[in-house]
Amino acid sequence: MVMRQKRSAFTLVELLVVIAIIGLLVSLLLPAVQAARESSRRTSCFNNLKQVGISMQTYHDVLGQFPPAYVVSPTTNTLMGAPDPTTGDTGPGWGFLAMILPFGEQAPLYNSLNVNLPCWAPANAGPVRTKVAAYVCPSATNVLSTYNVVDSSGNSLATFASANYVGVAGRFSPWQQYFDPATDLSTISVGGATVDGVLYRNSRTRLADITDGTSHTIMVSEKTPYHSESTWVGVVPNGVTCPTLRFATVGCDPASSQVNVHTGPTPGETPPVIKPPSQPLANTDEVWSNHPEGANVLFCDGSVKFILDTVDNLTWSYYGTRAAGDISRDGT
């Protein structure tokens, strides 16, 4: 006679205890896993900025200056469109990331663009929707391949590929730096404040112009669609840059904020406010990233640093200037 051994099974209490232990282990491990993933994404974002820096330096080597944040025609004509009544922007509007495409292994994409036409021209409608992996930070959230550039009434003006890197215009809002683009920009003043950064509309900045020191002057920073959209393509006159609903209280700015930001303060604010990276009340023309505690930025010497959101306000402001004669303090 074969005796069968009775199987023992988990009781309900034992099963609940096992589930509780597994849940506890997951809750302990999940933050570590998320931190490891963010570290990897941040490193990838860092490397993207390094590549942008190499392309910017190569552009400078070839042409003797860094590209402008975006370019507009010095004369009004039918092809380039009437000037934006708020900013004076016209075509062609191409941004600096578009200009450095040939120097970053993207010559085929650049060659598909007709840069003699405005960036929003129908002939460019296909290429300007192309996602460039090197211009996308993996940590950025709410990233779609493209977005619609709209005017203040919500009418679509163009569809551009998204990007997460923008030029730094200096301390003052890029869209407030009104000037005649046909003039020598180094002498332009806005409300008594000189245009003082490296990348702004029609800028022609050379390394020799950066007397504050290339290792202390930022030319490119991060920007995320979690806050507001940005692109590698360029600027469309009469376009606006609006924040997402969670930041709606800061309001919309002109379209140049899609390729250009500043380090503050904004002229006309009372009292003047400087907002280091990723501040809750940051405007669309200020630096925002989805990294915890700060943002990656590219300096003019090609180095990339992570700037904490606790950086000293004046240090952050003067990181945006090329020749203010400031004494930089360590805010990294």
Side-chain angles (χ1 to χ4, degrees), residues 41-72 91-140 143-149 158-168 198-205 218-225 229-236 255-256 258-261 289 296-304:
R41 290 191 293 262
R42 180 171 142 183
T43 299
S44 180
C45 189
F46 179 99
N47 290 335
N48 284 350
L49 267 178
K50 287 287 290 184
Q51 290 304 310
V52 170
I54 292 171
S55 298
M56 295 288 280
Q57 296 290 343
T58 305
Y59 183 103
H60 188 285
D61 289 345
V62 173
L63 298 174
Q65 61 187 35
F66 289 119
Y70 66 105
V71 62
V72 303
W94 295 105
F96 74 100
L97 290 176
M99 298 177 211
I100 65 172
L101 285 170
F103 304 98
E105 300 182 353
Q106 292 291 335
L109 176 56
Y110 182 82
N111 292 335
S112 71
L113 305 172
N114 187 337
V115 294
N116 296 313
L117 294 176
C119 58
W120 65 88
N124 288 311
V128 298
R129 300 184 188 202
T130 303
K131 177 181 176 181
V132 179
Y135 293 165
V136 177
C137 176
S139 293
V143 177
L144 298 176
S145 295
T146 62
Y147 71 94
N148 287 328
V149 179
T159 301
F160 286 165
S162 298
N164 303 129
Y165 305 112
V166 287
V168 177
V198 175
L199 302 182
Y200 48 91
R201 182 173 75 174
N202 283 11
S203 59
R204 299 186 290 270
T205 308
I218 299 171
M219 64 175 167
V220 180
S221 74
E222 294 185 79
K223 192 165 181 276
T224 170
E229 294 286 2
S230 52
T231 182
W232 62 260
V233 180
V235 175
V236 182
S256 57
Q258 292 167 38
V259 300
N260 226 179
V261 295
S289 90
N296 288 310
V297 298
L298 170 68
F299 285 82
C300 293
D301 65 349
S303 65
V304 177

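Everything numeric here is computed off the predicted structure, so don't read it as measured data.
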Original post:
Hey, which of Asn260, Val71, Leu199 is the one that makes side-chain contact (heavy atoms from CB on, under 4.5 Å) with Phe96?
Top reply: Leu199

Heavy-atom pair with the smallest gap, counting every atom of [X] and [Y]:
{"X": "Pro127", "Y": "Leu113", "result": "CB-CD2, 3.4 Å"}
{"X": "Glu222", "Y": "Leu49", "result": "CG-CD1, 4.5 Å"}
{"X": "Val235", "Y": "Ala255", "result": "CG1-CB, 4.0 Å"}
{"X": "Glu229", "Y": "Lys223", "result": "O-NZ, 2.9 Å"}
{"X": "Cys300", "Y": "Val198", "result": "SG-CG2, 3.7 Å"}
{"X": "Tyr165", "Y": "Cys45", "result": "OH-SG, 3.2 Å"}

**OP:** Check the angle between the aromatic planes of Tyr59 and Phe103 and answer parallel, tilted or perpendicular using the 30° and 60° thresholds.
**Re:** perpendicular

**OP:** Indicate whether the side chain of Gln258 and that of Tyr147 have a donor and an acceptor atom separated by less than 3.5 Å.
**Re:** yes

Tell me whether [X] contacts the main-chain N or O of [Y] through its side chain, where contact means a donor paired with an acceptor under 3.5 Å.
{"X": "Thr224", "Y": "Ala140", "answer": "no"}
{"X": "Ser203", "Y": "Thr205", "answer": "no"}
{"X": "Asn164", "Y": "Cys137", "answer": "yes"}
{"X": "Asn202", "Y": "Pro68", "answer": "no"}
{"X": "Thr231", "Y": "Ala161", "answer": "yes"}
{"X": "Trp232", "Y": "Thr130", "answer": "yes"}
{"X": "Trp94", "Y": "Leu117", "answer": "yes"}
{"X": "Asn124", "Y": "Asn114", "answer": "yes"}

Subject >> Within-4.5 Å side-chain heavy-atom neighbours: Val261 and Val168 >> reply: yes

Subject >> Stepwise side chain to side chain contact (heavy atoms under 4.5 Å, CB included) check, Val136 with Asn48 >> reply: CA-CA 8 Å; Val136 177; Asn48 284 350; 5.6 Å; no

Approximate separation, where rounding is to 0.5 Å, of [X] [atom1] and [Y] [atom2]:
{"X": "Ser221", "Y": "Phe299", "atom1": "OG", "atom2": "CZ", "result": "11.0 Å"}
{"X": "Thr146", "Y": "Lys131", "atom1": "OG1", "atom2": "NZ", "result": "11.0 Å"}
{"X": "Ile100", "Y": "Leu63", "atom1": "CD1", "atom2": "CG", "result": "12.0 Å"}

**OP:** Given side chain to side chain contact (heavy atoms under 4.5 Å, CB included), test Ser112 with Leu109 step by step and report yes or no.
**Re:** CA-CA 5 Å; Ser112 71; Leu109 176 56; 3.7 Å; yes

**OP:** Applying side chain to side chain contact (heavy atoms under 4.5 Å, CB included), run through Phe66 and Gln57 and close with a yes or a no.
**Re:** CA-CA 8 Å; Phe66 289 119; Gln57 296 290 343; 4.1 Å; yes

Original post:
Are Trp120 and Val128 close enough, and set up right, to give a side chain to side chain contact (heavy atoms under 4.5 Å, CB included), and what steps lead you there?
Top reply: CA-CA 8 Å; Trp120 65 88; Val128 298; over 6 Å; no

